[in-house]
Engineer: 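Here it is, the structure, as structure tokens.
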Protein chains: 2
Amino acid sequence: MDTRERLIESTRELLWERGYVGTSPKAIQQRSGAGQGSMYHHFSGKPDLALAAIDRSAAELRQRAEAAFTGPGSAVERVAAYLRRERDALKGCPVGRLTQDPDVMADPGLRRPVEETFTWLTGRIAELLEEGRAAGELDPALDPRVTATALVATLQGGYVLARAAGDAQVFATAVEGALSMLTR
Amino acid sequence: MDTRERLIESTRELLWERGYVGTSPKAIQQRSGAGQGSMYHHFSGKPDLALAAIDRSAAELRQRAEAAFTGPGSAVERVAAYLRRERDALKGCPVGRLTQDPDVMADPGLRRPVEETFTWLTGRIAELLEEGRAAGELDPALDPRVTATALVATLQGGYVLARAAGDAQVFATAVEGALSMLTR
DNA sequence: GTCTATAGTACGATAGAC
DNA sequence: GTCTATCGTACTATAGAC
């Protein structure tokens, strides 16, 4: 892994752990093993480097979700498989946590990948729920888009509750609660 | 409002807007109109002041929730009333947002009120769901505690999605999606 | 491409006058 | 109780040698 690559990966980790405000160029340099000059050679500054890191985390989230959505099983089973997928619940969502960072949300360039990620994810799950409804797997009373929004919210809120409790199991409980309501 | 009170209220606002890491003593002093010496006379430092602010925000959340829980209507209607209560969705939850702050979660004193708030809230909603189940308002297949966890997660995640979209309506959509699944 | 040196500002807190 | 002065450190970035 070359220097530029190590800078991006170190920034991804630090944004995940400490957020944008809590991540200093110095910390990035120390974690990546790059010097000051090296970092400012490859990137114009902290926002530029953060953009590269956020773009990559957003792309990774989409790829991992799409892998579950195109896996085996019925449409609703694939949604459930995505919700139940193994996660490091106590670390939180690398994309969702950025919504709490005022400096990220204030910068249109940094904000765009965050916004697009959740628009895409909600839309994708809505498609699958629509498919499930057409196949008779799902109560027709449930609006696909509205229900998809609630399911994505349960995931993001599950991270919050797990961190508050200091217990990753709480995330799993929130997911099972949502799935019980969905498929009963 | 005296100086000590203005310091606490200013800190509450800043923690809500910018989080613990993003809130400096200087910013607190400027917003409250207090000088350096004044702040360090009333509080031993940033953590001490943050604790006073967090304690108050946590107490306020509980009071506002309890007001909905003891309002009119059946048990399930009171849960729905709490979920639908007017909120500034784009500002996020003043308590929930602290779970994303590593320096808050690393300090047992600052973390306790956050943890206790969600333990209490989830338990309180579980009680109401149990009451609703006993009254035949709710599908007996739904476990009260698990369902309560999912509902609280929907609220917290609703804030995340609303901020990501830059649209408070997304929060309302998440809540309606959860209630549709619950009460259909 | 990477290094060290340096700049200007802000952070978080303390000291001591009033 | 509040004020100003000050401290040592960290932040974010630039300059210029190699």
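Just so it is clear: chains get the letters A, B, ... in the order the sequence lines come, proteins before strands, and each one is counted from 1.
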Engineer: To the nearest Å, give me how far apart CD (A:Q29) and C1' (D:dT12) are.
Structural biologist: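 Distance, rounded to whole Å: 9 Å.
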Engineer: Thinking salt bridges, do B:D101 and A:R18 make one under a 4.0 Å N-O criterion?
Structural biologist: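 Between A:R18 and B:D101 there is no salt bridge, as every charged N stays at least 4.0 Å from the carboxylate O atoms.
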Engineer: Salt bridge check: are B:E13 and B:K91 linked by an N-O gap of less than 4.0 Å?
Structural biologist: no
Engineer: For A:R31, is there an ion pair with A:E9 - N to carboxylate O distance below 4.0 angstrom?
Structural biologist: no
Engineer: Out of C:dG12, C:dC3, D:dT12, which nucleotide sits closest to the side chain of A:S38?
Structural biologist: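 Nucleotide nearest to A:S38's side chain: C:dC3.
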Engineer: What's the closest nucleotide to the side chain of B:Q36 if the choices are C:dT14, C:dC3, D:dT12?
Structural biologist: C:dT14
Engineer: Side-chain N or O of B:H42 versus OP1/OP2 of D:dT2: is the shortest distance under 4.0 Å?
Structural biologist: yes
Engineer: Hey, is A:E131 close enough to A:R78 for a salt bridge, meaning N to O under 4.0 Å?
Structural biologist: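 Result for this pair is yes, salt bridge flagged.
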Engineer: Identify, between A:S24 and A:G37, the residue whose nearest nucleotide on DNA chain D lies closer to the 5' end.
Structural biologist: A:S24
Engineer: Round to the nearest Å and state the distance from A:D2 atom CG to C:dG1 atom P.
Structural biologist: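 The answer, rounded to whole Å, is 9 Å.
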Engineer: Can you check the B:M39 CE to C:dC11 C1' distance for me, whole Å?
Structural biologist: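 The distance from CE of B:M39 to C1' of C:dC11 comes to 11 Å, rounded to the nearest Å.
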Engineer: Check every atom of C:dC11, D:dT12, D:dC3 against the side chain of A:P25 and return the nucleotide holding the closest atom.
Structural biologist: D:dT12
Engineer: Start with the C-alpha distance between B:L121 and B:Y82, add both sets of side-chain angles, then the distance that settles side-chain contact (heavy atoms from CB on, under 4.5 Å), and finish with yes or no.
Structural biologist: CA-CA 11 Å; B:L121 181 62; B:Y82 172 67; 3.7 Å; yes
Engineer: Do the side-chain N or O atoms of B:T3 get closer than 4.0 angstrom to the phosphate oxygens (OP1, OP2) of D:dT2?
Structural biologist: yes
Engineer: Figure out the CD/P separation between B:E5 and D:dG1, and round it to whole Å.
Structural biologist: 14 Å
Engineer: Rounding to a whole Å, what distance do you find between B:Y40:OH and C:dA17:P?
Structural biologist: 21 Å
Engineer: What is the distance from CZ of B:R4 to C1' of D:dT2, rounded to the nearest Å?
Structural biologist: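 Whole-Å distance recorded here is 16 Å.
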Engineer: In terms of side-chain heavy atoms of B:H41, which of D:dT2, D:dT6, D:dT12 is nearest?
Structural biologist: D:dT2
Engineer: Quick one: A:L14 CG to D:dC11 P, roughly how many Å, whole number?
Structural biologist: 11 Å
Engineer: Using atom CG of B:D103 as one end and atom C1' of C:dG12 as the other, report the distance to the nearest whole Å.
Structural biologist: 13 Å
